[in-house]
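Reading through the structure tokens given below for one structure.
Computed from a predicted structure; not experimentally measured. For this chain, numbers begin at 1 and follow the sequence in order.
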Amino acid sequence: MYVRMTVAGVLLDPKTKAPVVLLKDRDGHRTLPIWIGLLEAGAIAYVLEGVAPPRPMTHDLLKMLLEEAGARVPRVDVDSLEDGVYRAKIHLELKGGNRRLVDSRPSDALAVALRMGAEIYAEEKVLRQASAVTVDRPGDSDHPRDDEAEEFLASLDPEAFGKYKM
């Protein structure tokens, strides 16, 4: 079962200063934090803030190529969590009704989804796993959550960050 999500914001982990994209379910009951790279955080933040770069960024170029080829991206899924690493799929609809699932990093899938107006979903199992998984933070991926990380995750309130804070 999949749960419809929205990108609630991008912020920095106060301990590691690594960017975190926050997905929030439509009812506001669950938040899924995904630690991402700085460049991907910027690509997501540009869309959230409505910033148009002077030249197309990589995800903008991908959008233009897909549209030029007559393809659509109606949906992306964060569909698994393996060894502390999230995985995503981009649903691609091609001309003639052909459909493909494209493996992707969640950060790239989200950056494309925001540009293409695609719906975002998370697998229910991933949401359950994420609430009990060791946080994969840079330099700390082999260690269980510490009290500070637990407090950080418990304190995440996307409403407090607005659309974007980094």
Side-chain angles (χ1 to χ4, degrees), residues 2-68 71-82 84-93 101-123 126-127 129-131 133 135-141 149 152-153 155-166:
Y2 284 86
V3 176
R4 178 95 182 260
M5 307 293 281
T6 60
V7 177
V10 178
L11 61 134
L12 290 177
D13 178 329
K15 183 174 181 178
T16 66
K17 305 299 185 218
V20 180
V21 63
L22 299 175
L23 298 182
K24 184 177 177 182
D25 73 358
R26 295 183 74 173
D27 296 329
H29 295 117
R30 294 183 282 188
T31 301
L32 178 62
I34 302 175
W35 275 254
I36 62 175
L38 189 58
L39 295 175
E40 294 80 6
I44 291 168
Y46 273 167
V47 176
L48 294 176
E49 287 296 306
V51 173
R55 301 284 301 153
M57 295 177 63
T58 303
H59 299 98
D60 300 314
L61 176 61
L62 180 57
K63 175 187 185 243
M64 290 186 302
L65 289 170
L66 289 169
E67 288 175 342
E68 198 61 33
R72 284 186 355 99
V73 176
R75 165 184 181 149
V76 301
D77 299 332
V78 178
D79 64 349
S80 71
L81 176 59
E82 300 167 16
V85 177
Y86 292 94
R87 297 188 184 277
K89 297 283 188 303
I90 297 173
H91 292 248
L92 187 60
E93 291 182 359
L101 282 179
V102 180
D103 186 37
S104 175
R105 298 181 306 174
S107 56
D108 291 326
L110 295 171
V112 169
L114 290 171
R115 284 165 172 79
M116 300 288 295
E119 295 178 352
I120 299 167
Y121 290 86
E123 167 64 57
V126 170
L127 293 169
Q129 286 176 303
S131 68
V133 75
V135 176
D136 187 14
R137 296 181 306 192
D140 196 22
S141 61
F152 169 69
L153 290 175
S155 71
L156 292 178
D157 177 9
E159 298 301 320
F161 300 109
K163 288 185 176 179
Y164 165 70
K165 181 166 185 145
M166 231 175 105

When rounded to the nearest 0.5 angstrom, what distance separates CG in Leu32 from CD1 in Ile120?
11.0 Å
Might you point out which heavy atoms bring Tyr86 and Ile34 nearest each other, and give the distance in Å?
CD1-CG2, 3.8 Å
Answer yes or no: is there a side-chain heavy-atom contact under 4.5 Å between Val102 and Lys89?
no
Can you check whether Leu23 reaches Val78 side chain to side chain, under 4.5 Å on heavy atoms?
yes
Beyond-backbone contact of Met64 with Glu68, side-chain heavy atoms, under 4.5 angstrom
no
Is it the case that over 12 heavy atoms from other parts of the model lie below 6.0 angstrom from the CD atom of Glu82?
yes
Working to the nearest 0.5 angstrom, can you tell me the gap between Asp77 CG and Glu119 CD?
10.0 Å
Which distance, rounded to the nearest 0.5 Å, do you find between the CZ of Arg72 and the CG of Leu66?
11.5 Å
Could you grab the distance from atom CG of Leu127 to atom CG of Asp25, nearest 0.5 Å is fine?
7.5 Å
Can you confirm whether Asp79 sits close enough to Arg87 that some side-chain heavy atom of one is under 4.5 Å from a side-chain heavy atom of the other?
yes
Test applied, side-chain contact (heavy atoms from CB on, under 4.5 Å); reference residue, Arg115; option that passes from Leu110, Val73, Leu62, Val47:
Val47
Between Asp60 and Pro53, is any pair of side-chain heavy atoms under 4.5 Å apart?
yes
Please walk me through it: do His59 and Tyr46 pass side-chain contact (heavy atoms from CB on, under 4.5 Å)?
CA-CA 11 Å; His59 299 98; Tyr46 273 167; over 6 Å; no
So how far is it from Arg105 CZ to Ile36 CD1, rounded to the nearest 0.5 Å?
9.0 Å
Is there side-chain contact between Val10 and Val20, with heavy atoms separated by less than 4.5 Å?
no
Any idea which heavy atoms bring Ala113 and Val76 closest together, and the distance?
CB-CG2, 3.7 Å
Taking atom NE2 of His29 and atom NZ of Lys24, what is their separation to the nearest 0.5 Å?
9.5 Å
Mind listing the closest non-hydrogen atom pair of Ala109 and Ala88 along with its distance?
CB-CB, 3.9 Å
